[in-house]
Protein chains: 2
Amino acid sequence: MNVLEKIVSSVNNFSKSERKVADVILANPQVTIHSSIAALAKMADVSEPTVNRFCRRLDTKGFPDFKLHLAQSLANGTPYVNRHVEEEDGPEAYTAKIFESTMAALDTARQRVDISTINKAVDVLTQAKKISFFGLGASASVAHDAQNKFFRFNVPVVCFDDIVMQRMSAINSTEGDVVVCISHTGRTKNLCEIAAIAKENDATVIGITAYESPLARECSLVLSLDVPEDTDLYMPMASRVAQLVLIDILATGFTLRRGSKFRENLKKVKDSLRGSRFDKKDMSL
Amino acid sequence: MNVLEKIVSSVNNFSKSERKVADVILANPQVTIHSSIAALAKMADVSEPTVNRFCRRLDTKGFPDFKLHLAQSLANGTPYVNRHVEEEDGPEAYTAKIFESTMAALDTARQRVDISTINKAVDVLTQAKKISFFGLGASASVAHDAQNKFFRFNVPVVCFDDIVMQRMSAINSTEGDVVVCISHTGRTKNLCEIAAIAKENDATVIGITAYESPLARECSLVLSLDVPEDTDLYMPMASRVAQLVLIDILATGFTLRRGSKFRENLKKVKDSLRGSRFDKKDMSL
DNA sequence: CCAAATACTGTAATTAAATTACAAAATACT
DNA sequence: AGTATTTTGTAATTTAATTACAGTATTTGG
């Protein structure tokens with residue numbers, strides 16, 4: 001929990017004067033980090049030791065240490081203390097909040113993702129005879145994106161968002177094939193079945209899903225992101241972004257494993273698009 | 001540019017002793033922010049004023065101010081000074097780097113995005129008779145995702161990744177229809193044509209694309225993200241994530257504009273999925 | 001309702017930290 | 001080689017933060 005959140009949550013444990021300090025800090029956090037303890041004390045109309053005690057109450061060593069913590073909380077601009085979008089938020093507020101909560105989610109994802117599993121997944125993918133990406137609903141677009149990436153590697157890639165096609169594809173999979181199932185909750189029945197079918201047919205099943213979920217149980221390898229989903233609007237948001245970043249990571253690992261020559265091919269793939277685009281110089285049209 | 005990057009980039013402008021300081025800081029940035037100037041001077045085997053001068057050279061007011069800046073750079077864990085994935089990077093390194101560069105990209109996107117345009121776009125979308133999302137290649141999955149979101153609002157939404165379908169759809173658009181064209185570069189010829197056709201037919205064309213691009217010129221409203229694309233691997237990565245977040249923002253703006261009753265409907269949409277999922281309690285299967 | 005205890009707050013003294021001024025080396029340049 | 005310039009360190013000064021203590025408010029129990 002960052003310092004700002006901490007201040008808000010423990011606002012009730014503060015004494016009257018400490019509360020004054022809290023109010024001033026919350027009102028001008030950016031000013032605070034560039035103020036001396038004397039200046040802040042004056043702003044809050046309290047004594048300097050009170051400010052110091054306030055800092056200690058928040059488990060910091062003292063005022064300078066507190067400023068350090070505060071600076072870290074403010075690292076990405078002045079964040080909204082509450083990142084949840086609210087009824088009365090204007091465009092500025094909800095835009096900032098969504099960016100912030102997405103970045104925060106990526107940060108947790110980074111901390112929680114298991115590197116050795118990523119490495120294993122990359123292993124498996126580089127050796128795959130065929131790679132399939134399956135997702136339903138919001139995860140379908142993640143699967144499409146994965147296809148778009150891995151397709152460039154000149155490996156057989158398929159991607160279906162149709163359960164019948166997924167099913168047929170899963171049944172036809174064999175040893176050496178890799179099936180990547182994407183589902184935030186890991187509780188989508190159809191996808192669990194697909195995973196089970198693929199597994200029965202000796203394919204390696206990688207799950208980009210929640211730990212301990214029904215889907216995870218069907219998988220040979222589980223990549224869990226454990227992003228706290230922002231349920232305010234009943235839509236998958238942060239989780240899906242984290243999934244995409246994970247796809248990026250797998251794709252990157254894949255290319256690194258393949259060596260530098262391989263990457264020249266990627267450049268060719270990109271260059272092949274040139275004909276379909278307006279030239280960067282000639283923008284007259 | 002954050003302080004760490006700044007140190008690395010100006011390492012040649014440093015004097016011998018300043019360089020010692022730089023080395024110590026880069027080696028233990030986390031330690032540095034909790035050290036006094038005396039401690040750091042000792043670690044670097046230089047005098048205290050040298051450390052102070054070092055801080056000033058980096059455009060900070062002095063040592064405490066420098067620590068503040070450093071703390072902000074380290075806010076999200078110890079970042080890789082160089083965020084670009086390199087040949088010799090192991091799984092841990094490239095995973096962290098991709099997370100970091102994506103977060104950094106979102107941060108720039110947030111700073112650069114124009115709030116008033118977002119507001120206008122939300123305006124237009126809430127009043128739309130029909131919303132179409134068009135993208136090609138990597139942007140196609142963003143379009144799909146957008147469809148998945150806006151579809152829940154019970155508004156007519158279409159999404160095509162096939163240029164023929166896109167073209168037909170664009171020709172059939174009329175006043176009151178909104179066409180959202182997604183392209184990072186804004187130079188995909190086919191998409192520019194689609195935008196032009198839609199515009200000719202009096203649809204409002206929103207471009208999620210680069211400023212001053214051919215596509216932007218065809219649009220009524222341009223939402224530019226200006227994310228520096230990580231071209232290391234010749235694949236769209238950060239740009240696409242930023243686009244998705246923008247979609248989230250538009251969707252959020254949409255629901256807020258519609259009021260709280262509307263959001264109850266969203267809950268219903270989500271609840272309707274329950275039948276397709278394993279119960280959270282009953283995870284026996 | 002009053003007294004005693006406890007918690008809160010501020011003043012003043014102390015300590016610690018950072019900065020400045022200046023002098024001595026070291027380096028570069030003629 | 002000698003001078004100018006830059007770099008570096010020592011010591012003094014200033015500034016900031018913390019501690020100790022005392023006074024004030026607040027609560028609690030009689």
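We name chains A, B, ... by the order of the sequence lines, and we start the count at 1 in each one.
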Whole-Å gap separating [atom2] ([N]) and [atom1] ([X]):
X: A:K61; N: D:dT18; atom1: NZ; atom2: P; value: 11 Å
X: B:I37; N: D:dA16; atom1: CD1; atom2: C1'; value: 14 Å
X: A:K67; N: D:dT18; atom1: NZ; atom2: P; value: 10 Å
X: A:E48; N: D:dA20; atom1: CD; atom2: C1'; value: 15 Å
X: A:N52; N: D:dA20; atom1: CG; atom2: P; value: 12 Å
X: B:K42; N: D:dT8; atom1: NZ; atom2: P; value: 21 Å
X: A:D65; N: D:dA16; atom1: CG; atom2: C1'; value: 15 Å
X: A:F66; N: D:dT18; atom1: CZ; atom2: P; value: 12 Å

Check your understanding: Which value, rounded to the nearest 0.5 Å, describes the distance between A:I25 atom CD1 and A:F66 atom CZ?
Key ->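 The CZ atom of A:F66 is 3.5 Å from CD1 of A:I25, to the nearest 0.5 Å.
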
Study note, to complete from the structure: To the nearest 0.5 Å, atom CE of B:M43 lies from atom OG1 of B:T32 at 5.5 Å

Review point. 5' to 3' on DNA chain C, which nucleotides open and close the contacts with chain B (atom under 4.0 Å from a heavy atom)?
Key: C:dA18 to C:dT27

Check your understanding: For B:Y94 and A:V122, what are the C-alpha separation, side-chain angles and deciding distance, and is it a side-chain contact (heavy atoms from CB on, under 4.5 Å)?
Key -> CA-CA 12 Å; B:Y94 65 72; A:V122 170; 3.6 Å; yes

Point to revise | B:T50 vs D:dG9: side-chain N/O to OP1/OP2 distance below 4.0 Å | key: yes

Review point. What pairs with A:D114 under side-chain contact (heavy atoms from CB on, under 4.5 Å), at least two apart in sequence or on another chain?
Key: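 Checked A:D114 against side-chain contact (heavy atoms from CB on, under 4.5 Å); matches are A:S116, A:T117, A:Y211.
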
Check your understanding: Applying a 3.5 Å limit to both distances, which nucleotide forms a Watson-Crick or G-U wobble pair with C:dT30?
Key -> D:dA1

Exercise for review: On DNA chain C, check which nucleotide each of B:P49 and B:K16 is closest to and give me the residue with the more 5' one.
Suggested key: B:P49

Check your understanding: If you look at every heavy atom in A:Q72 and B:A71, which pair is closest and at what distance?
Key -> NE2-O, 3.0 Å

Review point. Are A:M237 and A:T102 side-chain neighbours, meaning at least one heavy-atom pair lies under 4.5 Å?
Key: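 A:M237 vs A:T102: side chains apart.
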
Check your understanding: Going by heavy atoms in the side chains, are B:R112 and B:L225 under 4.5 Å from each other?
Key -> no

Review point. Counting any heavy atom closer than 4.0 Å, what does A:R56 reach on the DNA or RNA strands: base, sugar-phosphate only, or nothing?
Key: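 Result for A:R56 = sugar-phosphate.
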
